[in-house]
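Okay, so here's the structure we're looking at.
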Number of protein chains: 2
Amino acid sequence: MKRPTIADIAREAGVSKGAVSYALNGQPGVSDQTRRRIIAIAHRLGFQASTAARALAGARAKVIGLTLHRPPRTLGVEPFFMELISGLEAELSTQSYALLLQMVPDHHEEIAYYRRWWTERRVDGMLVCDLRTHDARIRALKELAIPAAVIGPPGELPSVWSDDAVSMVEAVEYLASLGHTRIARIAGLPDLAHTAIRTESFLKACPQGIVVATDYTAESGARATRRVLNTHDRPTALIYDNDIMAVAGVAVAYEAGLSIPDDLSIIAWDDSPICSLVHPALTALTRDIGAYGTHAARLLLDLINGAEARSRSEQPAHLVFRDSTGRCRVTP
Amino acid sequence: MKRPTIADIAREAGVSKGAVSYALNGQPGVSDQTRRRIIAIAHRLGFQASTAARALAGARAKVIGLTLHRPPRTLGVEPFFMELISGLEAELSTQSYALLLQMVPDHHEEIAYYRRWWTERRVDGMLVCDLRTHDARIRALKELAIPAAVIGPPGELPSVWSDDAVSMVEAVEYLASLGHTRIARIAGLPDLAHTAIRTESFLKACPQGIVVATDYTAESGARATRRVLNTHDRPTALIYDNDIMAVAGVAVAYEAGLSIPDDLSIIAWDDSPICSLVHPALTALTRDIGAYGTHAARLLLDLINGAEARSRSEQPAHLVFRDSTGRCRVTP
DNA sequence: CCCAGGCGCTGAACCGTGTAAGTATGAGGA
DNA sequence: TCCTCATACTTACACGGTTCAGCGCCTGGG
């Protein structure tokens with residue numbers, strides 16, 4: 001039981017292979033009547049074009065690529081990726097695109113994959129994650145003229161992201177409304193583009209704020225928390241760049257004899273089941289990560305199909321109020 | 001700057017394309033001297049064979065496929081997949097294999113992908129996850145004669161898994177050694193093969209034990225916990241099938257006025273950062289999920305290369321002792 | 001000396017699709 | 001009537017590998 005090819009369809013329809021190709025790809029060159037007949041036959045035979053042959057002939061590979069730079073230390077951001085991939089697939093599968101995934105040790109290798117996959121026509125476009133402030137990958141993609149979309153802050157390439165500055169202001173203003181004036185930000189990896197944006201926004205909304213960099217792990221989150229809690233004018237509220245660190249921070253606060261939210265308020269950026277499960281349940285900045293994926297996929301596919309594709313701004317992360325934030329009880 | 005093809009190498013070396021193909025693939029048909037010369041030239045030109053052309057000509061596609069059946073409700077098992085994929089890639093990338101990933105709504109669609117990818121030579125083999133007790137995919141894979149490896153309990157296809165029965169016995173015996181006699185198991189999805197195995201082992205080690213089925217979500221875990229804690233002879237220890245449910249269970253226990261571990265001991269199956277971050281830190285059955293991926297990939301690649309490939313037994317999950325388990329204080 | 005047979009290589013076909021170039025057909029205008 | 005021109009196709013080749021049949025050459029045995 002071999003799969004049908006365009007040759008089979010051509011024989012059945014009494015036309016040439018070329019005509020079949022034109023008909024199935026919506027190209028001019030066949031009459032509407034013939035086209036309909038060919039499409040009907042293709043459908044009846046359950047025809048699916050071979051992507052290998054397609055790619056070889058220089059057409060669409062029907063695959064988009066995603067390379068992830070994942071040092072073992074950033075395990076904490078994992079839920080983000082599964083949600084993202086899930087959202088990506090939701091869009092890709094409707095257009096029968098597949099996702100080619102590759103873990104890479106560094107940016108250098110990542111760019112090598114871009115080049116290899118692209119020259120081999122193995123992918124029609126690339127998605128870029130974990131955008132850095134000065135990201136070598138962007139230049140590589142532009143040089144190679146690979147259709148690409150960024151899942152991250154807007155820049156030279158079309159992107160899908162939300163305005164983190166707005167969310168940061170929301171968080172700071174909320175804390176301010178509770179009477180907090182001494183706020184610290186436990187930030188993520190400092191060379192990630194969105195980390196810089198959040199920090200800038202934080203310092204603008206709260207000029208006297210403290211910022212400590214981490215690598216997203218629970219350990220570094222705990223260490224950063226200890227550091228800021230040991231200062232003279234210890235902050236009364238903390239904003240963490242992920243949920244893992246926020247939970248670790250809660251433990252450190254308890255250890256220091258502080259009660260939450262009475263002595264210390266805590267906000268986590270990115271909500272996850274953990275935030276609502278721990279005690280106290282964490283107030284968090286939540287956002288629809290799946291939507292990032294879906295929209296990034298749509299953006300990239302538009303780009304591949306030659307359509308106009310502009311960066312897209314997602315709904316900013318917004319606060320979900322739980323039990324880890326409360327009125328400031330500390331008098332200055 | 002086009003990528004080099006075997007034709008370029010052939011011209012450079014003054015031989016035919018066929019000779020180059022033989023030389024690069026380690027096939028007989030060229031002298032050792034010529035082979036070395038050709039390989040040297042290929043290396044100098046930075047030659048990388050086009051997988052599309054390869055696949056079209058009926059050879060290896062250098063891709064293995066993974067389809068994930070992911071109803072939105074089983075979000076809780078996500079960390080498993082990222083670790084697994086990470087482990088897979090570790091092995092695949094050394095052999096320059098890529099991973100083709102597809103989310104599917106159901107088994108029916110999943111099998112359709114098997115058929116499509118295989119007849120199209122888009123993949124050289126498939127990995128199977130989330131094995132069910134009677135899994136239609138296994139038959140489909142055998143019928144299509146697709147090289148495949150299962151990440152799950154051993155069965156008809158070569159598999160990579162650990163003996164969950166052993167781990168379950170370890171957990172039950174540990175609880176028994178602490179004096180617990182009334183133990184409940186908050187199980188995962190009942191039609192998953194490993195769930196059945198764990199339940200069977202649990203009931204064998206603890207015949208008077210209670211088993212409650214869930215769908216892995218925090219909500220169903222909480223509900224199951226409430227149910228077993230409301231029984232007449234309420235259990236003094238609970239074993240959860242994932243970490244999310246265990247954490248949710250802790251909250252339910254607190255809500256019921258129970259203290260952990262004094263009134264109730266809790267064990268989570270599968271360790272994750274959450275387990276060590278919550279209060280009290282959870283005693284957990286930990287295992288190296290990345291190793292599952294690495295070994296499954298190796299198994300599948302062996303299979304694809306025609307080597308003998310037998311199922312592989314991983315190190316069973318073993319207990320990590322934390323603060324959620326303690327001596328039974330309840331007198332019968 | 002002759003012939004079998006293995007070695008090392010060439011040439012060509014083939015995989016399934018896309019597409020440029022060429023060809024028949026018919027309509028329409030001068 | 002003849003020429004143009006668009007339409008609707010066909011033909012042929014390209015894409016980059018794999019593979020099979022075949023061919024010359026060398027070696028060794030009878």
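Chain identifiers are assigned alphabetically (A, B, ...) following the order of the sequence lines, protein sequences preceding nucleic acid strands; residue numbering begins at 1 within each chain.
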Quiz item: What integer distance in Å separates A:Ile38:CD1 from D:dA8:P?
Solution: 12 Å
Quiz item: In whole angstroms, how far is the P atom of C:dG16 from the CD atom of A:Gln48?
Solution: 15 Å
Quiz prompt | Heavy-atom donor-acceptor pair, B:Tyr22 side-chain to D:dC20 base, under 3.5 Å | solution = yes
Quiz prompt | Residue-level proximity of residues 23-37 of chain A to DNA chain C when a heavy atom falls under 4.0 Å | solution = A:Asn25, A:Gln27
Practice problem: For A:Leu56 and D:dC13, give me the distance from atom CG to atom P, rounded to whole Å. | Solution: 17 Å
Exercise. Rounded to the nearest angstrom, tell me the gap between atom NZ in B:Lys17 and atom C1' in C:dT10.
Key: 12 Å
Exercise. Report yes if some heavy atom in the side chain of A:Leu99 is under 4.5 Å from a heavy atom in the side chain of B:Gln102; otherwise report no.
Key: no
Practice problem: Provide the full list of ring pair (Phe, Tyr, Trp, His ring centres under 6.0 Å) pairs with a residue in residues 10-48 of chain A, sequence neighbours left out, each pair given once. | Solution: none
Quiz item: How is B:Gly58 classified with respect to the nucleic acid when contacts are heavy atoms under 4.0 Å: base, sugar-phosphate, or nothing?
Solution: nothing
Quiz item: Rounded to the Å, how far apart are A:Phe47 CZ and C:dG18 C1'?
Solution: 12 Å
Exercise. Would you name the heavy atoms of B:Trp118 and B:Leu144 that are closest together and state the gap between them?
Key: NE1-O, 3.3 Å
Practice problem: Please work out which of the three classes, parallel, tilted or perpendicular, describes the rings of A:Tyr292 and A:Trp161, given edges at 30° and 60°. | Solution: perpendicular
Practice problem: May I ask you to verify if any side-chain N or O of A:Thr5 is less than 4.0 angstrom from the OP1 or OP2 atom of C:dG16? | Solution: no
Practice problem: Have a look at A:Ser50 and say if it touches a base, only the backbone sugar-phosphate, or nothing, with a 4.0 Å heavy-atom cut-off. | Solution: sugar-phosphate
Quiz item: So which one's nearest nucleotide on DNA chain D is more toward 5', B:Ala19 or B:Ala53?
Solution: B:Ala53
Exercise. Decide yes or no on side-chain contact (heavy atoms from CB on, under 4.5 Å) for A:Ile304 and A:Leu301, but give the supporting numbers first.
Key: CA-CA 5 Å; A:Ile304 288 168; A:Leu301 293 180; 4.3 Å; yes
Quiz prompt | Below 4.0 Å: OP1/OP2 of D:dT18 and any side-chain N or O of B:Arg54 | solution = yes
Practice problem: Calculate the interatomic distance between B:Ile6 atom CD1 and C:dC14 atom C1'; express it in whole Å. | Solution: 13 Å
Quiz item: Just checking B:Val20: base, sugar-phosphate only, or nothing, at a heavy-atom cut-off of under 4.0 Å?
Solution: nothing
Quiz prompt | Residues that B:Asp302 engages under side-chain hydrogen bond (donor to acceptor under 3.5 Å, both in side chains), provided they are two or more places apart | solution = none
